[in-house]
Enquirer: 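One structure, pasted below without further comment.
Order of listing sets the numbers, starting from 1, for every ligand and every atom in it.
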Amino acid sequence: MAATSRGTTPVPPDVRPRLTVLSGPSGVGKSTVVAHMRKEHPEVWLSVSATTRRPRPGEKHGVQYFFVSDEEMDKLIANGELLEWAEFAGNRYGTPRRAVLERLEVGEPVLLEIDLQGARLVRESMAEAQLVFLAPPSWDELVRRLTGRGTEAPEVIERRLAAAKIELAAEAEFDTTLVNTSVEDVARELLALMKVL
Ligand code: ADP
Ligand code: 5GP
């Protein structure tokens with residue numbers, strides 16, 4: 001188990017692992033891949049976003065997300081505490097800035113799992129970030145996964161599928177595409193891209 005790096009000497013910028021951004025349409029399997037990867041490599045640090053979305057069954061404050069009110073989100077934005085934020089399918093999501101910068105400073109691999117708008121904002125503010133797009137094997141499979149997850153009402157699924165069409169059309173903006181046919185394979189490929197393997 002790696003000792004905590006907090007408080008150690010900052011790593012020079014040229015040898016720091018790059019910030020990696022994982023994006024892709026809702027239901028493609030981002031959370032599943034990341035959970036699988038972190039089970040075997042807990043040293044990969046995943047940013048916990050703030051969101052105004054309500055928790056799904058089993059989701060815990062501070063684990064999957066920091067679940068915040070609209071007012072709290074307004075404050076985080078106004079105080080410049082978010083590295084980026086975006087509205088997605090009716091809710092706001094944002095990446096707490098300080099924790100990400102601290103981890104990069106001490107040389108830990110950092111992963112953000114965020115939407116297309118957020119990925120574009122990160123690219124603008126951190127040119128060295130690598131952007132990875134997770135694609136479904138097919139449109140029908142994406143619909144099956146999103147519907148099969150059973151966590152969203154039909155109208156929310158419709159909004160997410162509309163957003164998915166826009167996200168899929170932006171694949172070429174990313175540095176790398178990984179097709180999520182096998183969770184194990186994609187997790188391994190992602191680790192290699194992050195230089196953890
Ligand atoms: P996202 O985080 O991208 O919204 P999830 O990780 O919640 O997506 O996955 C959506 C659904 O698809 C879940 O039910 C998950 O178990 C399933 N899933 C994820 N990856 C695969 C895969 N490679 N093959 C089959 N089903 C998958
Ligand atoms: P979900 O509600 O399914 O957890 O997430 C919906 C979408 O919001 C996903 O595409 C997810 O990657 C994205 N998302 C999660 N956190 C953030 C964030 O901090 N910023 C941005 N821009 N998108 C996020």
Side-chain angles (χ1 to χ4, degrees), residues 19-39 46-68 72-73 76-77 81-100 110-126 129 131-153 156-168 170-171 173-174 177-190:
L19 173 66
T20 302
V21 174
L22 181 68
S23 291
S26 185
V28 70
K30 299 181 296 297
S31 309
T32 306
V33 165
V34 169
H36 183 80
M37 186 180 89
R38 294 187 74 230
K39 212 161 50 184
L46 175 70
S47 164
V48 179
S49 297
T51 183
T52 58
R53 158 164 93 58
R54 300 277 68 85
R56 293 178 185 139
E59 286 185 332
K60 289 197 176 64
H61 184 76
V63 180
Q64 289 80 12
Y65 285 105
F66 296 108
F67 295 98
V68 300
E72 285 168 323
M73 183 63 91
L76 290 173
I77 294 168
E81 289 181 52
L82 302 180
L83 183 65
E84 60 74 36
W85 69 274
E87 184 163 339
F88 180 89
N91 293 298
R92 285 182 291 171
Y93 298 81
T95 305
R97 180 194 302 277
R98 189 193 303 184
V100 169
V110 170
L111 182 63
L112 306 186
E113 191 231 289
I114 61 177
D115 87 323
L116 169 65
Q117 307 164 80
R120 286 176 173 155
L121 291 168
V122 169
R123 164 139 289 165
E124 275 171 29
S125 63
M126 304 175 93
L131 269 49
V132 180
F133 188 80
L134 192 61
S138 67
W139 175 259
D140 288 351
E141 176 62 13
L142 178 67
V143 176
R144 251 193 306 278
R145 286 184 192 171
L146 186 55
T147 314
R149 189 169 67 189
T151 49
E152 272 86 22
V156 177
I157 290 180
E158 284 312 312
R159 290 171 92 167
R160 286 175 177 248
L161 288 175
K165 291 205 169 113
I166 296 168
E167 302 229 350
L168 288 170
E171 182 191 326
E173 294 177 35
F174 287 75
T177 292
L178 302 175
V179 179
N180 183 16
T181 303
S182 147
V183 172
E184 292 75 19
D185 289 352
V186 172
R188 203 175 315 112
E189 286 162 349
L190 190 55

Enquirer: Which is it for Gln64 and ligand 2 at heavy atoms under 4.0 Å: side chain, backbone, both or neither?
Expert: neither

Enquirer: Report yes or no: does Asn180 contribute a side-chain atom to a donor-acceptor pair with the main-chain N or O of Val28 at less than 3.5 Å?
Expert: yes

Enquirer: So is Ser26 in contact with ligand 1, going by heavy-atom distances below 4.0 Å?
Expert: yes

Enquirer: Any heavy atom of Gly148 sitting closer than 4.0 Å to ligand 1?
Expert: no

Enquirer: Identify, by atom number and element, the atoms of ligand 2 in contact range of Gly118, meaning under 4.0 Å from any of its heavy atoms.
Expert: 22 (N)

Enquirer: Just need the protein heavy atom nearest to atom 15 (C) of ligand 2, so name the residue and atom and give the distance.
Expert: Tyr65 OH, 3.2 Å

Enquirer: I need the contact type for Val33 against ligand 1. Using non-hydrogen atoms and a strict under-4.0 Å cut-off, is it side chain, backbone, both or neither?
Expert: neither

Enquirer: Please work out which of His36, Arg145, Glu152, Arg149 has its closest non-hydrogen atom nearest to atom 12 (O) of ligand 1.
Expert: Arg145

Enquirer: Can you tell me the protein heavy atom closest to atom 13 (C) of ligand 2 and the distance?
Expert: Asp115 N, 3.6 Å

Enquirer: For atom 19 (O) of ligand 2, which candidate among Ala50, Ser49, Pro55 holds the nearest heavy atom?
Expert: Ser49

Enquirer: Nearest protein heavy-atom contact for atom 20 (N) of ligand 2: which residue, which atom, what distance?
Expert: Glu84 OE2, 2.7 Å

Enquirer: Considering only NZ, NE, NH1 and NH2 on the basic side and carboxylate oxygens on the acidic side, decide whether Glu141 and Arg145 come within less than 4.0 Å.
Expert: yes

Enquirer: Quick check against the 3.5 Å criterion: does Thr52 have a side-chain atom that pairs as donor or acceptor with the backbone of Arg92?
Expert: yes

Enquirer: For atom 11 (C) of ligand 2, find the nearest protein heavy atom and state the residue, atom name and distance (0.1 Å precision).
Expert: Glu113 OE2, 3.8 Å

Enquirer: Relative to ligand 2, is Phe88 under 4.0 angstrom through side chain, backbone, both or neither, heavy atoms considered?
Expert: side chain

Enquirer: Pairs of nitrogen or oxygen atoms closer than 3.5 Å, one from Arg56 and one from ligand 2: do any exist?
Expert: yes

Enquirer: Which of the atoms in ligand 1, numbered in the order shown and given with their element, are less than 4.0 Å from a heavy-atom of Val183?
Expert: 20 (N), 21 (C), 22 (C), 23 (N)

Enquirer: Which one holds for Arg120 and ligand 2: side chain close, backbone close, both close, or neither close, with close meaning a heavy atom under 4.0 Å?
Expert: neither

Enquirer: Would you mind running through ligand 2 and noting each atom that sits below 4.0 Å from a heavy atom of Ala86?
Expert: 22 (N)

Enquirer: Counting heavy atoms only, which part of Arg53 comes closer than 4.0 Å to ligand 2: side chain, backbone, both or neither?
Expert: side chain

Enquirer: Out of Leu22, Leu168, Leu178, which residue meets the side chain to side chain contact (heavy atoms under 4.5 Å, CB included) rule with Phe133?
Expert: Leu168

Enquirer: Heavy atoms only, cut-off 4.0 Å: how does Arg54 contact ligand 2, side chain, backbone, both, or neither?
Expert: neither

Enquirer: Check Glu59 with Arg54, please: is the shortest side-chain N to carboxylate O separation under 4.0 Å?
Expert: no

Enquirer: Would you mind finding which of Thr32, Asn180, Leu22, Leu142 brings a heavy atom closest to atom 23 (N) of ligand 1?
Expert: Asn180

Enquirer: At the 4.0 Å heavy-atom cut-off, does Lys30 count as touching ligand 2?
Expert: yes

Enquirer: Using a strict cut-off of 4.0 Å, indicate which atoms of ligand 1 neighbour a heavy atom of Lys30.
Expert: 1 (P), 2 (O), 3 (O), 4 (O), 6 (O), 8 (O)

